[in-house]
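The next block holds one structure in the form of structure tokens; read it before the comments.
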Amino acid sequence: MSSSSRGYDYTEGASAVDIQYAIDSDQRSHKDSHYDDGEGYVFDGPGHSVNPSSVSRMSLSEHGRRSSEGWRSRRNSEDAGTSRSRTERRMSRDSRRSSQPSLAPADIEENGDLSGSDDGGDEHGIFRRPRRRSVTPPARSTVFSNIAQIFGRTAPLSESPPRSRRPSLSSRSSRSRFLRRTSSRRSDAGSDYAVESEEEDERWGYSSGEEDESDVATLDEQDYQFMEDGSHTPSPGLALHVMSGDPIFGEEARIDIGELDLLEPPPPGPPSRQTIFVEDEDAYVRFVGYEIILVRQWLWRLFCVLSCGILGLLGHWFPRLWLDWVAKEKAFKDLKHGFIVIESAYRDIALFPIHTFDYPYHITTVFPAQVDPLSRVNSRTGMNGNADPNILETLSVVDYRYARFALDPRTGLFSMVRDWRDGSWTGTQAVKNGLSKGVHRQRLTLFGPNVIDIEGKSTISLLIDEVIHPFYVFQIASIVLWSLDDYYYYAFCIALISAISIITTLIETKKTITRMREMSRFSCPVNVYRDGEWQECISESLVPGDIVNLLNPPLHVLPADLFLLSGDAIVNESMLTGESVPVSKIPVKDIDMQRWKDVKDVSGDITKGFLYAGTRVVRIRGSATGDGSQGTPALGLVVRGGFSTTKGALVRSMLFPKPIGFKFYRDSIRFIFVLAGLAGLGFCASAVQFVRLGIKWHTIMLRALDLITVVVPPALPATLSIGTSFAIGRLRKLGIFCISPSRVNVGGRVNVCCFDKTGTLTEDGLDILGVRALERNVHRFGELLEDVRDMPSSNEKANFSYALATCHSLKMVDGDIIGDPLDVKMFDFTKWTLEEGHTSAGVIKSRVTGDKPAALVQVVVRPPGSASFRVEDALKGSARHAHFLELGVIRTFEFVSALRRMSVIVKRLKSTSMEVYVKGAPEVMKEICDHSSFPDDYEDLLAYYTKRGYRVIAMAGKSIEGLTWLKAQKMKREQAESGLNFLGLIIFENKLKPGTTPAIQALRAAHLGCRMITGDNPLTAVSVARECGLVSAAAHIFSPTFIRGGPEVPTSKLEWSCMDEPGWSLDSYSLRPLTPPAHHTVESNRVEYQDYALAISGDVFRWMINHAPSETLQRMLVKTQIFARMSPDEKNEVVERLQGLGYTVLMCGDGANDCAALKAADVGLSLSEAEASVAAPFTSRTPDISCVLEVIKEGRAALVTSFSCFKYMALYSLIQFTTITLLYSFASSLGDFQFLYIDLFIIIPIAVTMGRTLPFSRIYPKGPTASLVSKKVLSSILGQVVITSTVQFWAYHWVREQPWYSPPERNDPEDDNGKLAARNFENSALFLVSCFQYILVAAVFSIGPPYRRPMWTNIWLMISIGSLTLFNVLVLLVPPAFISDILELEDLPFAGRTTLLFAVIINVGLSMAFERWGAQVVSRAVGYVMDFRGKHRVKDGKMYKVVEGGMR
């Protein structure tokens, strides 16, 4: 390297004062030139996110405001009805921002009159959660749903919880009004006084597959009721086992209480209720203060003892019962021995104590300096009795899910400590002196230690929590009952199985907690500036305001959320986003520090100087002086610590995942209690006979309880998870890992699949096909050049070669070039060398830092060979130009997705001018380039490459003579990126992955919708879609363009023109094809529904969300197969909008800039192995989308298996119920070993092996049912019950009519010991027949194709069925004597035995025939009757079918 070049001063002699002035003024210029897009992912590329998408998801600074507007608008709609105009309903984002002030959580409460005003509006008008898609107001919880909550540990499944996800940038304001065609009654659905509806919100397409066509009405276009569907499955998270509850009934361990109930008016005085929006949970929670009444508490304890703990269990399962009994509501500030009840948006409640500790500090160290005077409550002298009203003595806090809320004595309301901001943070100079020890002690008291420490329950606590779950309580009660009935053998077996299950669960739970603690907890030594000196301490002691030296000791992982004050950093944020491309960080600007005080979370420009806790450090450098020596060290300002950090929010989302609701689970719980009711009816009939026979009452009660355990088998819940467990195991063998077992069954209902393009459908890497430069003296492109050495030389100062070498954001770390893969490929193409310049921010000048800033040059590049330059080489004329050529990047305007371009200002060594180079999407170049510089064949060549699937990047540049370093630093972006000359195109090729096309073809053959959601060019996306078969090769694709206005103009107009036939378009309202032009190539004037598709870009999508008619918006969502130029937020928006139409959405992406969409989808499948794969419930090591097929096939197989197991267990119960009821009629019952043989040797082996059947090899076009109450399922169950019961009734009466029959001995009431005789002819006949029936229904319900392979392929099931059948035949025809004695069988004549065998064969034939043909006939007949009676209606959650019907 040239020595002269090493010391070249690119500032051209500017003084340190001038440089500092340039840095300060750069803040203003940056502000002027900034286009706030919220995201900064790399243009046209695989997504280099300046702001991690997961952070963007959590960035809810404006969510509370818009949500409050949502409930305010709904409140208004109560008065205004539906008279609001569409313009008002679809108010644009900008107009909403300008028209509504920001409302903090406390502001929301104050507007709701929380302080107990006379009008009683207190609580009931407050908690209006943002129901963005509410079809009907939620139904009041019923007895069944309440009991279902007990067994489910999840939200009542009658309605999945409403979403409060942060609205996307495209339409945050309009989402709450999505397709709103409802009355004011619907608008009020979110309030506590909402009008109730009997209809339940069914989110998943819960109607069975056979109902999809029959139950969905095809309405005329003018009859549409375009409703929202409010039940959206929330995003998945990694659930701890201890907190995840059953793998069967849900994911929440907390006991739920149903919809946010209407509470009685609060007591007068200070507020006792408050609704707070928790940003990183994307949900509202309600705080209610309660005080314990000691007398009632002691009475409760007394009754618990008297009831043998039953009352205590009920209080645990139903917290409202305990609250109503022992506590009363009281104002927060008046609580002495009370607690806070916190109710989440998912209808679960938990009790949290109030902690009060000494806090003799100013009130503004916790709460805002100003509060609304109307929200103040009357207080005594000062705070806590202190004479100084601004000094606190004590502070009361509540810790909810590792988030701390403090009670403001001025308002009597809680505020989130995480939201507190230091008012003195006005710039870097204001924080340069760090903290004093006193302030550090105060903040450590308030915020707690900077550590993510997950509390682990003790083994005893875990054991108690597990044992008192209703499932195990029922098992324990059953074991006690069986023991009282001398049924020791089976009781011992079930007790052993339950003990093993509990111990296994405890071990797994402890392991999971240990793994989570190890993953989350982190501490390291740090150097902190406190009290005017550097001190070494542990990172756990860091608090907001601490200044940390990032270089000494060196940090490998960042211990807290930090602002970078000086130096520069490159960090890997894959933990948050899955994006493997390192991100560059620059010192924070003063204006961004000032903005931080007014925002809730990180967004916009703030991200460029923000270092996230938990991210890995690639490189951190301090600033350098002019002579290259070390200057200002790299310093960071602690902003947040512990669970308040972004990493802490991610851990919290894993610890407390949002629950999902699946209709199958809800129906199964209800069905269980229907069976229990049936047991009660059966026993009532038997009890009458018992009394008539003189049976003692204790025996009658024992038999009654025993009948319940017969009809509701304790092993039932466990069998429902068998199919899911086997499916997860098979997926694991295929390299697909699931962290949310309940999502497996949901995968069986997927009906639309969304895919990212780059890295998902196509290969990760981009290869340069070549470049197209301008031909000399001809206003056209030259040939495609595949080697940089073939590029024509140019005498222009701003030329194509220099642009390729300098227009990027690459960095050099340890000799390796890092950055966006597209930039790396482009730079490698040039064969130049890169060296990073020495930068200095000169942000803090004090005794802490001290050194002056020096020359600022970001990157230096040189052509090949110049790195080994020697002085004597300068004498060689042939090499002189190459060796002296050096380009320095003086300034970089980073890529902004709204602009879709980046630019650099470059200084050539010893040149008197500077050059500006711009790289961006080809379509934006016309706005910033001189039109005369474009070649004549620009549009043709661009269309040629984009239509063939190539990615095209355009380059432009200009030279500015006499531009100095200082002027370059002051230049605005608009000035730099204007008046450019077009230089050429770079052509990248992105090949399809080998597995893409076969997988898409398989999905389309199964009639599953496929959508592409990409950030790429629409033409390129369409080309890839056609190539992989996502869009039919013969389909016409229509794409919208603005013919009037633009994306930000509400009155804009779109034209939907055909991409192949520009003269042919769609009707702008109905989106149906108009008559083709006369010269068209279309064969007929009518185009069928399936013969065309839509491709839409992000700007049009954003405009339609905000301003398009509801009908048009719905039709667009249904017909669009390609969503191009979509930002990460818009990808998330697409998924949620599709869910709003009733689709069950699978999203497959690489986990980079689509994390939010993966979380939002019903089934998220990440192809990334990065840590951020926790964003999706499924992670695949398979690098292509073939894993989607496996997830859907396994999901369908698991869902069908769950149905089969449930139907089998239900039939087993009803068969045994029939047997017992018949025997009870003459005071008899089955023997102990008969019960044991049936339950242990027949039922358990078959139930376990039923789930081992593999999924079918291909996906059937029609999905399986997800409802137990569908006509087909109920017809099947009831039909089999009738057949098996008829055979048993026949056997019962047949045996009594035989000449060899002898009646059983009657029980002597005086000798009644609680046992019923078992040895008689009726018992033997019923037992022998029923044993075959248990095996028979297993074969009948082991459904094979089209969702699972044939039953005979399940070897273990066939072995079980075969061996049990042979053994039963043996017992029936020639029973060994010892077996007859053990089973208490009577000796039947051989002729009678053969008659029973013949009856069994008839039973087999009837059951098989009915399941094959009869059930369908009955189902259709019921459907016809329902239609005839006028019960034909549109199923909730099936709106997309209505929309499709209206477009056909």
Check your understanding: Rounded to the nearest 0.5 Å, what separation is found between the CZ atom of Arg1115 and the CG atom of Leu1113?
Key -> 12.0 Å
Exercise for review: Taking all heavy atoms of His1036 and all of Cys1058, pick out the closest pair and write down the distance.
Suggested key: CB-SG, 4.2 Å
Exercise for review: Determine, step by step, whether Arg1181 and Phe737 satisfy the side chain to side chain contact (heavy atoms under 4.5 Å, CB included) criterion, reporting the C-alpha distance in whole Å, the side-chain angles of both residues, the deciding distance to 0.1 Å, and the verdict.
Suggested key: CA-CA 8 Å; Arg1181 287 181 180 171; Phe737 301 93; 3.5 Å; yes
Practice item. List the atom of Ile1185, the atom of Leu761, and the distance in Å for their closest heavy-atom pair. Key: CD1-CD2, 3.7 Å
**Study point:** Which atom of Met1126 lies closest to which atom of Lys1131, heavy atoms considered
**Key:** O-CE, 3.8 Å
Study note, to complete from the structure: The ring pair (Phe, Tyr, Trp, His ring centres under 6.0 Å) partners of Phe1038 (sequence neighbours excluded) come to Trp1064, Tyr1092
Point to revise | Test item: Arg1026 and Ile1037 side chains (from C-beta on) under 4.5 Å apart, heavy atoms | key: yes
**Study point:** Option passing side chain to side chain donor-acceptor pair (under 3.5 Å) with Asp1162 (candidates Arg743, Arg749, Gln1139)
**Key:** Gln1139
Review point. When you measure from the side chain of Ser1204 to the backbone N and O of Val1200, does any donor-acceptor pair fall under 3.5 Å?
Key: yes
Check your understanding: Ignoring hydrogens and geometry, is there a side-chain-to-backbone donor-acceptor pair from Gln1121 to Val1031 under 3.5 Å?
Key -> no
**Study point:** Ala1095 to Ser1039 - nearest heavy-atom pair and separation
**Key:** O-OG, 3.2 Å
Check your understanding: Does the pair Glu1444/Lys1441 count as a salt bridge with the N-to-O cut at 4.0 Å?
Key -> no
Review point. Is there a donor-acceptor pair closer than 3.5 Å between any side-chain N or O of Thr1182 and the backbone N or O of Asp1184?
Key: no
Review point. Is Cys754 close to Leu1146 at the side-chain level, that is, under 4.5 Å between some pair of heavy atoms?
Key: no
**Study point:** Thr1179 vs Ile736 side-chain heavy atoms within contact, under 4.5 Å
**Key:** no
Practice item. Assess whether side chain to side chain contact (heavy atoms under 4.5 Å, CB included) is satisfied between Met1116 and Trp1056, documenting all intermediate values. Key: CA-CA 11 Å; Met1116 179 275 289; Trp1056 297 77; 3.9 Å; yes
Point to revise | Donor-acceptor contact below 3.5 Å, side chain Asn751 vs main chain Thr1144 | key: yes
Check your understanding: Phe1101 vs Phe1123 aromatic rings, parallel, tilted or perpendicular, using cut-offs 30° and 60°?
Key -> perpendicular
Revision key, fill the gap. Between the CZ atom in Arg1137 and the CG atom in Leu1117, the distance rounded to the nearest 0.5 Å is 7.5 Å
**Study point:** Side-chain donor or acceptor of Thr996 paired with backbone N/O of Cys1028 under 3.5 Å
**Key:** no
Review point. At what distance, to the nearest 0.5 angstrom, does CG of Leu734 lie from CG of Leu1189?
Key: 11.5 Å
Point to revise | Pair Asp767 + Lys991: basic N to acidic O under 4.0 Å | key: no
Review point. Going through the checks in order, is the side chain to side chain contact (heavy atoms under 4.5 Å, CB included) test met by Phe755 and Leu1003?
Key: CA-CA 12 Å; Phe755 301 97; Leu1003 292 171; 3.6 Å; yes
Check your understanding: Is the backbone of Gly1015 close enough, under 3.5 Å, to the side chain of Arg1125 for a donor and an acceptor to pair up by distance?
Key -> yes
Review point. Looking at OG of Ser1097 and CD of Glu1130, how far apart are the two atoms once the value is rounded to the nearest 0.5 Å?
Key: 9.0 Å
Point to revise | Within-4.5 Å side-chain heavy-atom neighbours: Leu1066 and Leu1094 | key: yes
Point to revise | Sub-4.5 Å side-chain heavy-atom contact between Pro1040 and Ile1096 | key: yes
Practice item. State, yes or no, whether a side-chain contact exists between Cys753 and Ile1192 at a heavy-atom distance under 4.5 Å. Key: yes
Point to revise | Criterion ring pair (Phe, Tyr, Trp, His ring centres under 6.0 Å) on Phe1256 and Tyr1347, from CA distance to verdict | key: CA-CA 5 Å; Phe1256 199 60; Tyr1347 307 116; 8.9 Å; no
Practice item. Please confirm whether the backbone N or O of Ser1257 pairs with a side-chain atom of Lys1193, one donor and one acceptor, at under 3.5 Å? Key: yes
Check your understanding: Can a donor-acceptor pair be found between the side chains of Arg1011 and Thr1120 at a distance below 3.5 Å?
Key -> no
Check your understanding: For the side chain of Thr1020 and the backbone of Tyr950, is there at least one donor-acceptor N/O pair under 3.5 Å apart?
Key -> yes
Practice item. Using side chain to side chain contact (heavy atoms under 4.5 Å, CB included) as the criterion, list what pairs up with Thr1112, not counting sequence neighbours. Key: Tyr1069, Leu1071, Met1104, Pro1109
Check your understanding: CE of Met1147 to CG of Asn1132: how many Å apart, nearest 0.5 Å?
Key -> 9.5 Å
Review point. Minimum heavy-atom separation for Asp756 to Gly1149, with atom names?
Key: CB-CA, 4.1 Å
Review point. Do the non-hydrogen side-chain atoms of Arg1196 and Pro1255 ever get within less than 4.5 Å of each other?
Key: no
Point to revise | Candidate pair Arg1348 and Thr1201, rule side chain to side chain donor-acceptor pair (under 3.5 Å), full reasoning | key: CA-CA 9 Å; Arg1348 300 196 299 176; Thr1201 298; 2.8 Å; yes
Exercise for review: Spell out, as yes or no, whether a donor-acceptor pair under 3.5 Å connects the side chain of Lys757 to the backbone of Ile1013.
Suggested key: no
Point to revise | Gly759 to Leu1167 - nearest heavy-atom pair and separation | key: O-CD1, 4.1 Å
Exercise for review: Could you walk me through whether Ser1070 and Met1447 pass the side chain to side chain contact (heavy atoms under 4.5 Å, CB included) test, one step at a time?
Suggested key: CA-CA 8 Å; Ser1070 67; Met1447 297 183 71; over 6 Å; no
Point to revise | Test item: Met1439 and Tyr1143 side chains (from C-beta on) under 4.5 Å apart, heavy atoms | key: no
